[in-house]
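Both backbone and side-chain heavy atoms feed into the values below; hydrogens, waters and symmetry mates do not. Quick note: residue numbers are just sequence positions, from 1.
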Amino acid sequence: MVYFDNAATTKPLDCAVRAAEEAMENFGNPSSLHKLGLNASQIISASRKIIAASLAASEDEIFFTSGATESDNTAVFGVANSLGKHKKRIVTTSVEHPAVAEPLRFLESVGFEIVRVSPRADGFHAKDIVSAADENTCLVTCMLCNNETGDILPVAQAFRAVKKKFSRIVTHCDMVQGYMKLPVKAKELHADLISLSGHKVHALKGCGALYVKKGVHIKPLMYGGGQEKGFRSGTESVPLVAAFGAAVSELSENLDDRYRHVSALSEYLKKRVSETEGLYFNSPPNASPYVNSIAAENLRSEVLLHFLESKEIYVSSGSACSKGKKSSALSEYHIPDRLADSTLRISFCAENTAAEIDRLMQALEEARRTLLGTK
Ligand code: PLP
């Protein structure tokens, strides 16, 4: 099997699975006052320490959630519910993941003004984001790395300038596709809030985190038993949190080596694509090497995806057509419809190899021959 769909989800590391299994044996409720509860709460503290260190943040700035969708919703609604009574403008980009875009669409329906900044022909400019913010703005939310094209957005520059101009605006970054891939720390990003997901970094599904900078107060999304210092009620999933910590701990050791390896893979893919007739590389030059968007002209993404699947090569459609709708991100990135409909997302992890890219290329050439009847 060749797995090139790591932006969708990653294979759990052995250490993550082991940590989850051990935590299941330690089945106490972290809120219980007896020894079993204490053991469970220590597992959570250990993971919190690891996630905090990965962002060069402090432990009391990390709150565990059920995943990045919850983190993003908490950030958006948390700010809207705290500051939105008087400040009704929110600045974002036109290429955010639905976990940010949809909560914003809801807020728009109840009277918020949502300003969506688009990329120019050469990508996003920090100053376009900054100039969209004003004194009536409560939130600027901008992803670090686009999940369809890998584009790395100028978040640090934009947030630094926003904060300089309007220190009370809250800044939020959906860092899901950059976390444990790009060497980014919380403070360098000038973000008040950062969303993370466990299953994108070789942990398990159903666990994420929200970084909340010390001194930033937003309303919780969940009310109840007061877990996570009252910020995210609900009994913590100790096994999932344990797996998240274990995976991040292992990945933290070789971030640079992994980046180098994946960059070489991305360069190789780019070269092979440029040498092959009818194939195009959509991702911009500054994109993360982990997420690569390519197009196979005249072949529909879904047909290609299933052709590749028949050869046990797993990719994502990238996604030109998601449930019949065109990908707005691809058209926002000025990728012509003709290619957007033929786009595949090839997303790497450190375990992938150049030989797997050769297999992909061979399969794509075969697809062109059989499906298009080319020589
Ligand atoms: N944000 C981005 C950029 C993503 O790519 C994803 C998942 O695809 C999410 C948020 C949602 O993450 P989760 O699956 O943890 O809810």
Side-chain angles (χ1 to χ4, degrees), residues 1-13 16 54-55 67-68 95-97 99 119 123-124 142-156 173-185 189 194-203 205 208 244 247-248 250-273 281-295 305 308 313-319 327 329-330 333 335 343-357 359-361:
M1 168 178 92
V2 174
Y3 187 73
F4 281 153
D5 201 11
N6 290 281
T9 198
T10 51
K11 184 177 165 207
L13 288 170
S54 72
L55 290 176
V95 300
E96 296 297 312
H97 187 273
F124 280 98
C142 178
M143 71 194 329
L144 179 63
C145 172
N146 181 262
N147 49 299
E148 291 188 45
T149 63
D151 183 33
I152 297 175
L153 285 78
V155 177
C173 179
D174 176 332
M175 200 171 138
V176 169
Q177 297 291 349
Y179 184 52
M180 287 290 109
K181 297 179 170 72
L182 311 172
V184 180
K185 304 295 181 208
L189 217 51
I194 296 175
S195 299
L196 309 175
S197 173
H199 73 101
K200 311 283 187 182
V201 295
H202 302 276
K205 291 157 192 71
F244 194 11
V248 169
E250 186 166 316
L251 294 181
S252 299
E253 282 170 23
N254 60 1
L255 196 136
D256 293 344
D257 291 345
R258 285 186 293 108
Y259 187 84
R260 266 193 294 277
H261 174 68
V262 170
S263 293
L265 291 182
S266 177
E267 284 307 314
Y268 183 56
L269 174 67
K270 217 175 283 178
K271 177 172 172 288
R272 293 290 314 262
V273 164
F281 202 80
N282 293 330
S283 293
N286 71 322
S288 160
Y290 283 86
V291 182
N292 303 273
S293 177
I294 69 171
L305 184 146
L308 294 175
I313 301 172
Y314 298 96
V315 302
S316 161
S317 61
S319 55
S327 156
L330 292 180
Y333 277 111
I335 292 161
T343 287
L344 295 177
R345 180 180 67 183
I346 314 296
S347 51
F348 294 133
C349 76
E351 279 185 15
N352 290 130
T353 63
E356 290 178 328
I357 295 176
R359 253 181 86 179
L360 169 74
M361 296 307 296

Heavy-atom neighbours of Lys185 NZ exceed 12 at 6.0 Å: yes
With no hydrogens and no angle check, is any side-chain donor or acceptor of Ser266 less than 3.5 Å from a backbone partner on Val262? no
Distance in Å, Glu96 CD paired with Leu153 CG, rounded so as to fall on 0.5 Å steps: 7.5 Å
Can Leu360 and Leu269 be said to form a side chain to side chain contact (heavy atoms under 4.5 Å, CB included), step by step? CA-CA 9 Å; Leu360 169 74; Leu269 174 67; 4.1 Å; yes
Quick one: does Ser283's side chain have a donor or acceptor within less than 3.5 Å of a partner on Ser293's backbone? yes
Salt bridge (charged side-chain N to carboxylate O under 4.0 Å, His left out) partners of Glu267, counting only residues at least two apart: Lys270
Not counting sequence neighbours, which residues clear side-chain hydrogen bond (donor to acceptor under 3.5 Å, both in side chains) with Glu250? List them please. none
Please name all residues satisfying side chain to side chain contact (heavy atoms under 4.5 Å, CB included) with Ala7, sequence neighbours left out, ordered by chain then number. Gln177, Val291, Arg345, Ser347
By side chain to side chain contact (heavy atoms under 4.5 Å, CB included) - contacts of Asp256 (at least two apart): Arg260
Sorted by chain and residue number, the side chain to side chain contact (heavy atoms under 4.5 Å, CB included) partners of His261 (sequence neighbours excluded) come out as Leu265
Once side-chain hydrogen bond (donor to acceptor under 3.5 Å, both in side chains) is applied, do any residues pair with Ser195, and if so which ones, sequence neighbours excluded? Asp72, His172
Quick one: CG on Asp5 to OG on Ser317, what's the gap to the nearest 0.5 Å? 9.0 Å
Would Tyr3 and Thr10 satisfy side chain to side chain contact (heavy atoms under 4.5 Å, CB included), going step by step from the backbone distance to the final call? CA-CA 9 Å; Tyr3 187 73; Thr10 51; 5.8 Å; no
Roughly how far, to the nearest 0.5 Å, is the CD1 atom of Ile152 from the NZ atom of Lys181? 11.5 Å
Please enumerate all residues that pass salt bridge (charged side-chain N to carboxylate O under 4.0 Å, His left out) together with Lys205, with sequence neighbours excluded. none
Val155 to Cys142 - nearest heavy-atom pair and separation: CG2-SG, 3.7 Å
Here the pair of heavy atoms bringing Ala68 nearest to Val176 is CB-CG2, 3.3 Å
Working to the nearest 0.5 angstrom, can you tell me the gap between Asp151 CG and Cys145 SG? 7.5 Å
For His199, check side-chain hydrogen bond (donor to acceptor under 3.5 Å, both in side chains) against everything at least two apart and list the hits. Thr9
Donor-acceptor pair, Ser252 side chain versus Val248 backbone, under 3.5 Å? yes
Test your reading of the model: is there a side-chain donor-acceptor pair from Asn146 to the backbone of Thr149, 3.5 Å cut-off? yes
Is there a side-chain contact between Leu196 and Val201 in this structure, where contact means two heavy atoms from C-beta onward sitting under 4.5 Å apart? no
Please check if the side chain of Asp174 supplies one atom and the backbone of His97 the other of a donor-acceptor pair under 3.5 Å. no
Checking Val184 now: which residues fulfil side chain to side chain contact (heavy atoms under 4.5 Å, CB included) with it, not counting sequence neighbours? Leu144, Met175, Leu182, Leu189
Are Val2 and Leu308 close enough, and set up right, to give a side chain to side chain contact (heavy atoms under 4.5 Å, CB included), and what steps lead you there? CA-CA 10 Å; Val2 174; Leu308 294 175; over 6 Å; no
Does either side chain, that of Asn282 or that of Tyr333, offer a donor lying less than 3.5 Å from an acceptor on the other one? no
How would you list, by chain and number, every residue that makes a ring pair (Phe, Tyr, Trp, His ring centres under 6.0 Å) with Phe4, sequence neighbours excluded? Phe348
With sequence neighbours left out, what residues match Tyr268 under side-chain hydrogen bond (donor to acceptor under 3.5 Å, both in side chains)? Arg272, Asp358
Heavy atoms of Ala16 and His202 approach each other most closely as CB-O, 3.6 Å
Shortest non-hydrogen pair, Glu351 vs Glu356, comes out as O-OE1, 4.3 Å
So Tyr179 and Phe244, would you call those rings parallel, tilted or perpendicular, with 30° and 60° as cut-offs? perpendicular
